[in-house]
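Numbering of ligands and ligand atoms starts at 1, following listing order. Just so we're clear, the structure is a prediction, and the values are computed from it rather than from any experiment. Count residues from 1 along the sequence.
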Amino acid sequence: MMLNRQVDLNQLLELLSGVLDEFGGLMVVDKKGCIIYTSAKFSEYFFGLGFWEARGQRVEDLLPDSGWDQVLANGLPCTGMVWNVNDQELLASWLPIIINGRLQAAVAVVGMLVFHNIEEFIALAREISGDRGKLDYYREEVKRLWGAKYSFDSIIGNSLAIVEAKRHAWDIAATRSPVLITGETGTGKELFAHAIHQDSPHREGPFIVLNCAGIPDSLVESELFGYEAGAFTGASRNGKPGKFELANNGSIFLDEISELPLNTQAKLLRVLQEREVQRIGGSSSLKINARVISATNMDIEEMVKKGLFREDLFYRINVFSVKVPALRERLEDIPVLSEDFIKGFNVEAGTRISGLSKEALCLMMKYEWPGNVRELKSTIERACLDARMGLIKPENLYYIRDRMKNKSANHESRTLTLKEAVMNTERQLIIETLQKTGGNKKKACELLDINRTSFYKRLKTLDIDY
Ligand SMILES: Nc1ncnc2c1ncn2[C@@H]1O[C@H](COP(=O)(O)OP(=O)(O)OP(=O)(O)O)[C@@H](O)[C@H]1O
Ligand SMILES: [Mg+2]
């Protein structure tokens, strides 16, 4: 949740509580996890406390394992969680509140579409049906909180390579077909996934993310498909919806899909073919209408060849594909990207960097960027911290200078094996002899005292084309 300077935290809380108290509730915690605000409904219903009583308490004491620490640690939203409160299952999300570039607090939005009883539902329905404008306003707010964070405008770059990738992705976004986003690490695949959802017919629905590499094999299926109460030991008493269920009418983003275990791949294929999902331990199926966006930085076609990824699943998820180009293929984007990162970092860290010096830019253009835009971003941040103000100079780019030095040192100092050294000498001797004889191979054989058959074999092995 990025806010501009004019909005302060109190205004924001007022705005949010007005909207969300109607749907469920919200709570805000500070950076240490202490409650600084709850909507009236939230504290009464969840904690049985008035707002003033809940204020200042540690959220961990009132609601253990709610996930607040994660959002404050990494500054990223944590959506689609299920909290069990008062024997009820509620959909919850933690969203970071970033003001003036700094993470200041986190807000929990809970049970927006859950009503506690039918009277409440009717009362709300009456209220909003009489006021169309208010309904649209709520819808917009809900979308803003649950939807994708980035649009195509967030993907910076003017190079032909990135502009074409964006245009292609934009065309694809308009369809409902599965998309596979490929590209090296740090190229911006996640940004593309968000942007595709934002511009798709599913944009009004939720954008649900599952990082297939981030969860142990044993949990991946319950994350994807959910489970019924008592499906296995350790399962929550109330069961849990899977990411597919949560993504209904929206998009599901399967990040690092190459990491899915083979047996889960088979189950995923079935869900995609039948467009319905059954919770683990459940007996009924639920129709699912979710757009599938996947991403990988692996060569998934090679994995298919090696039998590590199912071919049939590959074709299902890869109806369309978008390849995000590596940064070294679009070095001309470095100035615009750097400018944006510098601006952001100045706000976040209070530095006063005005830009890159010519020499610094020159150095950056010579580097290979194996970590792509992510590496560029962190290089800029380090350089900003190092320089503090004015222009970034080559000496502030110590990180890439070190890496470039190591690379050339590795290149020069590698010791040849005995075999390589012998082959090099042999090669050189044969070429020199052939030069002496003007290309006459018979004479060269005599000079080298070697028979013709072995001579031709040596030419082939040493790749001498004379
Ligand atoms: N074109 C771009 N414009 C602005 N920021 C970008 C761009 N591309 C990438 N970034 C930034 O670079 C970082 C890495 O991007 P992202 O996480 O989308 O990469 P990825 O391809 O998903 O990497 P990985 O394969 O390692 O998961 C993020 O901070 C993202 O905001
Ligand atoms: Mg990623």
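Taking atom 6 (C) of ligand 1 as the reference point, the nearest protein heavy-atom neighbour is Leu191 CD1, 3.4 Å. With hydrogens left out, the protein atom closest to atom 10 (N) of ligand 1 is Val373 CG1, 3.5 Å, a heavy atom. Nearest protein heavy-atom contact of atom 23 (O) of ligand 1 is Gly186 N, 2.8 Å. For atom 26 (O) of ligand 1, the nearest non-hydrogen atom of the protein is Thr185 OG1, 2.5 Å. Atom 16 (P) of ligand 1 has its closest protein heavy atom at Gly188 CA, 3.7 Å.
Between Glu223 and Lys240 there is a salt bridge, with a side-chain nitrogen of the basic residue lying less than 4.0 Å from a carboxylate oxygen of the acidic one. The residues Glu375 and Arg403 are annotated as salt-bridged, a charged nitrogen and a carboxylate oxygen being separated by less than 4.0 angstrom.
Proximity of a side-chain donor or acceptor of Ser357 to a complementary backbone N or O of Ile392 within less than 3.5 Å is detected. Judged by distance alone, with hydrogens and angles left aside, the side-chain atoms of Asp199 form no donor-acceptor pair with the main-chain N or O of Trp170 at under 3.5 Å. Under a 3.5 Å cut-off, the side chain of Asn248 and the backbone N or O of Asn289 do form a donor-acceptor pair.
Distance screen at 4.0 Å: atom 4 (C) of ligand 1 has a protein heavy-atom neighbour inside the cut-off.
With Thr187, Val336, Ile155 as candidates, the residue nearest to atom 8 (N) of ligand 1 on a non-hydrogen basis is Thr187. The option with the heavy atom closest to atom 14 (C) of ligand 1, from among Arg374, Glu375, His194, Glu190, is Arg374. Between atom 21 (O) of ligand 1 and the options Lys377, Lys166, Lys189, Glu256, the minimum heavy-atom separation is to Lys189.
Only one option out of Lys267, Arg270, Lys243, Arg279 pairs with Glu221 in a salt bridge (Lys or Arg N to Asp or Glu O under 4.0 Å); it is Lys267.
The shortest N or O to N or O distance between Arg330 and ligand 1 is not under 3.5 Å. At under 3.5 Å, a nitrogen or oxygen of Ile156, whether backbone or side chain, sits near a nitrogen or oxygen of ligand 1. Polar contact with ligand 1: absent for Asp255 (N/O pair, distance under 3.5 Å).
Remark: distances from the non-hydrogen atoms of Ala193 to ligand 1 are all 4.0 Å or more. Ligand 1 does not have Gly157 within reach: every non-hydrogen atom of the residue lies 4.0 Å or more from it.
By the 30° and 60° cut-offs, the orientation of the rings of Phe225 relative to Phe244 is parallel. Ring-plane geometry between Phe207 and Phe253 is classed as parallel, the angle between the planes falling under 30 degrees on a 0 to 90 degree scale with a further cut at 60.
Listed by atom number, the atoms of ligand 1 under 4.0 Å from Leu337 heavy atoms are 2 (C), 3 (N), 4 (C). With ligand atoms numbered from 1 in the order given, ligand 1 contributes 3 (N), 4 (C) to contacts under 4.0 Å with heavy atoms of Ser154.
In terms of the salt bridge (Lys or Arg N to Asp or Glu O under 4.0 Å) criterion, Glu256 has no residue partners (sequence neighbours excluded).
For residues 174-189, every residue pair satisfying the side chain to side chain donor-acceptor pair (under 3.5 Å) rule, not counting sequence neighbours, is listed here: Thr175-Arg291, Arg176-His202, Glu184-Arg328, Glu184-Asn372, Thr185-Arg374.
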